[in-house]
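Remarks on the structure that follows.
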Protein chains: 2
Amino acid sequence: MTFKRTNPLALAVLALLTERPMHPYEMAQTMRERHQEEVVKLNYGSLYTVVESLHRHELITAAAVQKAGNRPERTVYAITGTGTAELHSWLRALIAEPAREYRRFEAGISMVGLLPPAEALDVVQRRSAAVGEQLTALAVLLEKLAGMGLPQLAWIELDYRLAMLRAEREWLAWFATATREGTVGGYPGWEDRHR
Amino acid sequence: MTFKRTNPLALAVLALLTERPMHPYEMAQTMRERHQEEVVKLNYGSLYTVVESLHRHELITAAAVQKAGNRPERTVYAITGTGTAELHSWLRALIAEPAREYRRFEAGISMVGLLPPAEALDVVQRRSAAVGEQLTALAVLLEKLAGMGLPQLAWIELDYRLAMLRAEREWLAWFATATREGTVGGYPGWEDRHR
DNA sequence: ACCCTTATACTCGGCACCGGATATACGGGA
DNA sequence: TCCCGTATATCCGGTGCCGAGTATAAGGGT
């Protein structure tokens with residue numbers, strides 16, 4: 001049975017192990033410290049499942065089992081050659097091939113016609129405000145990271161997110177105006193349906 | 001136990017049932033016809049699970065059980081008052097509150113430094129090309145829909161997607177140039193690590 | 001010396017989800 | 001008339017994921 005690239009947490013684990021061998025809990029700590037959990041969903045339950053799966057597929061090996069005092073055993077894992085190959089191949093695929101992602105907002109906005117125009121305008125504006133806040137928070141964070149001397153490459157995904165958030169805000173602004181002014185295509189019918 | 005808003009497929013089911021009562025298979029057909037499955041992930045297995053869950057929570061009721069010849073029984077469901085309320089409330093939440101979504105590309109690009117710059121450039125350009133194709137395909141589709149006389153509100157989510165794809169393409173173009181010219185912050189170290 | 005909080009490190013049961021299997025009806029070509 | 005592919009309609013077994021639970025150790029205040 002070949003390894004299934006489902007949970008990106010497995011990717012993060014492989015990436016961490018390229019630096020040095022670690023035990024699962026340490027991986028989690030490191031991910032926290034580096035704010036990686038903002039990009040890859042971290043969940044203790046899943047972490048151990050994922051590590052076990054990587055181990056079964058021999059992408060990582062149990063390098064050592066430490067035991068300090070009466071504490072639970074800590075299994076330290078290291079990445080294998082196959083593991084490194086898998087990491088790189090997976091990474092290339094993730095970047096090169098855009099994959100259909102079912103985003104919550106797309107689902108929501110596709111059914112916005114079910115709400116009366118006034119309510120729709122309200123919720124869109126609320127989102128717009130929230131996105132605005134995220135944007136300023138992100139700008140502050142980027143400022144801080146740059147100030148700490150971290151290279152841009154270390155937080156490139158935030159740069160990407162910034163661009164996406166800006167685009168979203170602009171679209172939301174357009175939609176809000178078009179709804180307020182009734183210029184969105186199909187507006188008359190929309191209003192009629194809600195009386 | 002209160003209903004959990006996990007699977008957006010449940011949202012689509014509620015939305016469909018505002019039009020008329022349907023049995024599960026008919027819901028699936030209708031979603032196909034309207035290209036809703038591009039926005040909400042449709043899966044027969046999940047559909048029946050989701051419908052059952054909605055039924056348990058009394059957001060829909062079994063309006064009738066039809067039986068034609070020797071065919072399997074078809075249970076026709078209708079939306080309830082609570083169901084309609086839930087639909088609207090869920091919809092408002094989806095639109096108004098941006099939710100952290102763990103996007104595959106963000107995970108990938110955050111680790112792009114693990115690939116040698118030349119490979120990184122290659123995969124980013126490949127994605128850029130793919131996004132370009134999606135953009136033209138989408139433009140054609142929008143043209144067609146508008147030509148069919150469908151109001152913009154009926155395909156508003158595609159409009160949103162268009163805006164996001166454009167922004168992504170621009171960002172990818174920037175990153176590709178910055179990588180090619182070595183102007184992305186941290187480039188020297190990146191190159192050094194891969195020799 | 002004692003207690004309480006926080007950190008360490010993992011375990012486990014439940015459940016949503018998915019893909020493929022199942023079973024019948026129907027239409028059309030040879 | 002017989003077969004076979006497609007449409008109709010649902011079911012079900014396996015699995016990955018999640019959140020909450022568990023248990024010990026370390027630290028620090030009084």
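To find a chain, count down the sequence lines: A is the first, B the second, and so on, and within it residues start at 1. Just so it is clear, the values below take in all heavy atoms, side chains as well, and ignore hydrogens, waters and symmetry mates.
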Quiz prompt | Among D:dT8, C:dG20, C:dC10, the one nearest B:Tyr25 by side-chain distance | solution = D:dT8
Quiz item: The side chain of B:Lys41 lies closest to which of these nucleotides: C:dC10, D:dC17, C:dC18?
Solution: C:dC18
Quiz item: Under 4.0 Å between a side-chain N/O of B:Tyr48 and OP1 or OP2 of D:dC11, yes or no?
Solution: no
Quiz item: Can you check whether A:Ser46 has a side-chain N or O nearer than 4.0 Å to OP1 or OP2 of D:dC18?
Solution: yes
Practice problem: Output the single nucleotide from D:dC17, C:dC10, D:dT10 whose closest atom is nearest the side chain of A:His23. | Solution: C:dC10
Self-check item: D:dG16 phosphate, OP1 or OP2, under 4.0 Å from A:Asn7 side-chain N/O
Solution: no
Quiz item: Whole-Å distance between C:dT11 P and A:Glu52 CD?
Solution: 10 Å
Quiz prompt | Working for side chain to side chain contact (heavy atoms under 4.5 Å, CB included), residues A:Leu14 and A:Ile60 | solution = CA-CA 8 Å; A:Leu14 290 176; A:Ile60 62 178; 3.9 Å; yes
Practice problem: Using a heavy-atom cut-off of under 4.0 Å over every strand shown, decide if B:Ser53 touches base, sugar-phosphate, or nothing. | Solution: nothing
Quiz item: Starting at the 5' end of DNA chain C, which residue's closest nucleotide do you reach first, B:Asn43 or A:Gly45?
Solution: A:Gly45
Quiz item: Of all the choices, D:dT8, C:dT11, D:dC18, which nucleotide is nearest to the side chain of B:Gln29 once you look at every atom?
Solution: D:dT8
Quiz prompt | Among D:dC18, D:dT8, C:dT8, the one nearest A:Thr49 by side-chain distance | solution = D:dC18
Quiz item: Would a line drawn from the ring center of B:Tyr77 to the ring center of B:His55 be shorter than 6.0 Å?
Solution: yes
